[in-house]
Amino acid sequence: MESLDLLWQGFSVATTPRNLGFLVIGVVLGQIIGALPGIGPAAGMALLLPFTYGMEPVSGVIMLAGIMYGGMYGGTLTSVLVNVPGESSSLLTAIDGHQLARKGRAGAALSVAALGSFFAGIVSAIALVFVAPALSAFALRFSSPEYFLLAALGITATASLGGVSPVKALLAATLGLMISQIGVDPIVGMPRLTFGQPQLLEGVEFLPVAIGIFGIAEVLSSLERLDGMQTIRTRLRDMWLTGQEWADSRVAILRGTVVGFVVGTMPGAGPTIASMMAYVVERKLSAKPERFGHGAIDGVAAAESANNAAAQGALAPMLALGIPGSSSTAVLLAALILFGIRPGPGLMTEQPDLVWGLMASMFIGNVVLLVINLPLAPLFASLLRVPYGYLAPGILAISLLGAWSSTQSMFPVAIALLFGVVGWLMMKLDIPRAPLVLALVLAPLLETSLRQSLLLSLGSPMIFVERPISAILLALFIASLVWPLIVALRRRRAATV
């Protein structure tokens, strides 16, 4: 009951006019920032961090946290409406959300994303209050072998995103891993595969690749079909979910929330891995897995619930251990240090107003987001009424502007254009694009954890089976690699009979 008393104290802190005002500003800015390709919550928080100088620490942290989880939903808008993920955790939302929009169900996709994000946010806030210490202790047991296997499992699981051809999906994931090798070696600090180009020393960034692979490639492919395309229209009544859509979504929201929060508490995992794992779990458990990738509303529900739950779950190791669980919480950690506050085990006793005020603000912030998004979703969906011939140049301009804004140079623009052509060719060859981008996102964690593990074990691979958690993850990794191949062989045999 002590937690409830402290949470009530936190509500008295969060509901002061000053803190409440900064909370609303934070979630609104987060939604806008998340919807802009090329920025995302972490970058938006970093850009606005200087504006918190001189603010009370509680107000500044509440506003930055509002930007963080507000940005999780904001990325849904461009993912559904124009198939350009605002940031990496919205990647899987784009797969089915945009297909729903093409079928005239953009309003339903946005509604289920808002409802899923709200439910996940509230449940995650409750879980953070009551079980954060236990979950943080569990996450602390993870070391480099577990992180390597978690990332490897994420990449091999993308084979299930490849529809009828897991081999093509693994091929796309391999290409993503190859691209990730460009830049500076993370262990020894030597350049590799840069071909003497200084722009490649920092590697190939995720954002220009994702913008090109999804946004620009989609424009190129759609322009080829321009004569046969019909304008997508969404009416106000389309905002309401049908009985079947709600039946498909409600369990997906629950499962996505659980998966997202648990994964979010693992330092370094973050919302992207959480949304990917929730999507894969939902597809595996679905009675009609063939719908995924073609407009499955439960895929949208699972991914959106998971990324919002993970964003808030990542606060657990940051507050309790001083270990950021994601890039967004890393910025929040930097803000605390700038305020002269040291995160760690003593934070809850030394700064109770800040910790419990932050937790209470999450309940209020999620309500604010729901109130904002449900009435305004038809307004966002109405963008799809514009004929595609007029919409395409705008999408292309937004995509290129998002690529330029990442470093304010033309090199990312060139990367985006290059991968726009690559994505267009992949669509022509029926090669799934999502595994490439997901592999690019997970590759740094995969490589660094693998090399750290082998350094610790002096090159012995037995380090991956010495601990129960890593042994279980290794078994799941092998199963995810072998099972799609078995399924493919069964289909081939069935076709020849």
Side-chain angles (χ1 to χ4, degrees), residues 19-49 51-52 61-91 93-94 97-98 101 106-107 109-122 124-125 207 239 260 271-272 275 300-301 303-312 314 326-329 331-332 361-384 398 401-402 405:
N19 291 337
L20 196 58
F22 281 114
L23 170 63
V24 174
I25 291 171
V27 295
V28 172
L29 285 176
Q31 174 145 339
I32 296 171
I33 287 168
L36 297 175
I39 300 182
M45 292 167 68
L47 289 172
L48 295 172
L49 187 57
F51 292 96
T52 63
V61 170
I62 285 176
M63 186 184 79
L64 290 172
I67 294 172
M68 178 180 70
Y69 54 82
M72 289 296 105
Y73 181 80
T76 309
L77 300 177
T78 49
S79 295
V80 171
L81 300 180
V82 294
N83 202 27
V84 179
E87 32 84 33
S88 59
S89 63
S90 298
L91 181 64
T93 303
H98 190 65
L110 294 174
S111 291
V112 80
L115 292 170
S117 296
F118 172 74
F119 178 82
I122 295 297
S124 297
L207 287 170
M239 272 292 299
T272 301
S275 63
V300 176
E304 282 299 302
S305 302
N307 70 29
N308 204 50
Q312 299 186 48
S326 64
S327 56
S328 297
T329 52
V331 178
L332 204 58
S361 72
M362 291 161 56
F363 289 92
I364 304 170
N366 279 285
V367 172
V368 172
L369 277 171
L370 184 68
V371 171
I372 290 173
N373 283 303
L374 282 182
L376 295 182
L379 176 63
F380 296 125
S382 67
L383 294 174
L384 294 173
I398 291 172
L401 180 61
S405 67

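As the structure is a prediction and not an experimental result, all values here were calculated from the model.
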Undergrad: Considering residues at least two apart in sequence or located in another chain, which fulfil the side-chain contact (heavy atoms from CB on, under 4.5 Å) criterion with Ala303?
TA: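 Per chain and number, Ala303 pairs via side-chain contact (heavy atoms from CB on, under 4.5 Å) with Leu92, Thr93, Ser275.
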Undergrad: Name all residues meeting the ring-ring contact (aromatic ring centres under 6.0 Å, His included) criterion together with Phe363; count only those two or more places apart in sequence or in a different chain, and write none if there are none.
TA: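 Result, ring-ring contact (aromatic ring centres under 6.0 Å, His included) vs Phe363: Phe11.
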Undergrad: Measure across Val112 and Ala301 and return the closest heavy-atom pair with its distance rounded to 0.1 Å.
TA: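 It is CG2-CB, 3.9 Å.
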Undergrad: What closest approach, in Å, do Met68 and Ala311 show between heavy atoms, and which atom pair accounts for it?
TA: CE-O, 3.5 Å
Undergrad: Please report the shortest heavy-atom distance between Ala109 and Gly97, naming the atom on each side.
TA: CB-O, 4.4 Å
Undergrad: So how far is it from Phe22 CZ to Ser361 OG, rounded to the nearest 0.5 Å?
TA: 13.5 Å
Undergrad: Side chains of Met63 and Asn19: does their closest heavy-atom pair fall under 4.5 Å?
TA: no
Undergrad: Measuring from atom CD1 of Ile67 to atom CG of Leu29, what distance do you get when rounded to the nearest 0.5 angstrom?
TA: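 Taking CD1 in Ile67 and CG in Leu29, the distance rounds to 5.5 Å.
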Undergrad: Which value, rounded to the nearest 0.5 Å, describes the distance between Met362 atom CE and Leu23 atom CG?
TA: 11.0 Å
Undergrad: Apply the test side-chain contact (heavy atoms from CB on, under 4.5 Å) to residues Leu64 and Val61: give CA-CA distance (whole Å), side-chain angles for both, the deciding distance (0.1 Å), then the verdict.
TA: CA-CA 5 Å; Leu64 290 172; Val61 170; 5.7 Å; no
Undergrad: Please lay out, stage by stage, how Leu370 and Leu115 fare under the test side-chain contact (heavy atoms from CB on, under 4.5 Å).
TA: CA-CA 7 Å; Leu370 184 68; Leu115 292 170; 4.1 Å; yes
Undergrad: Could you tell me the separation between the CG atom of Asn308 and the CG atom of Leu369, rounded to the nearest 0.5 Å?
TA: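 Going from CG on Asn308 over to CG on Leu369, the span is 7.5 Å.
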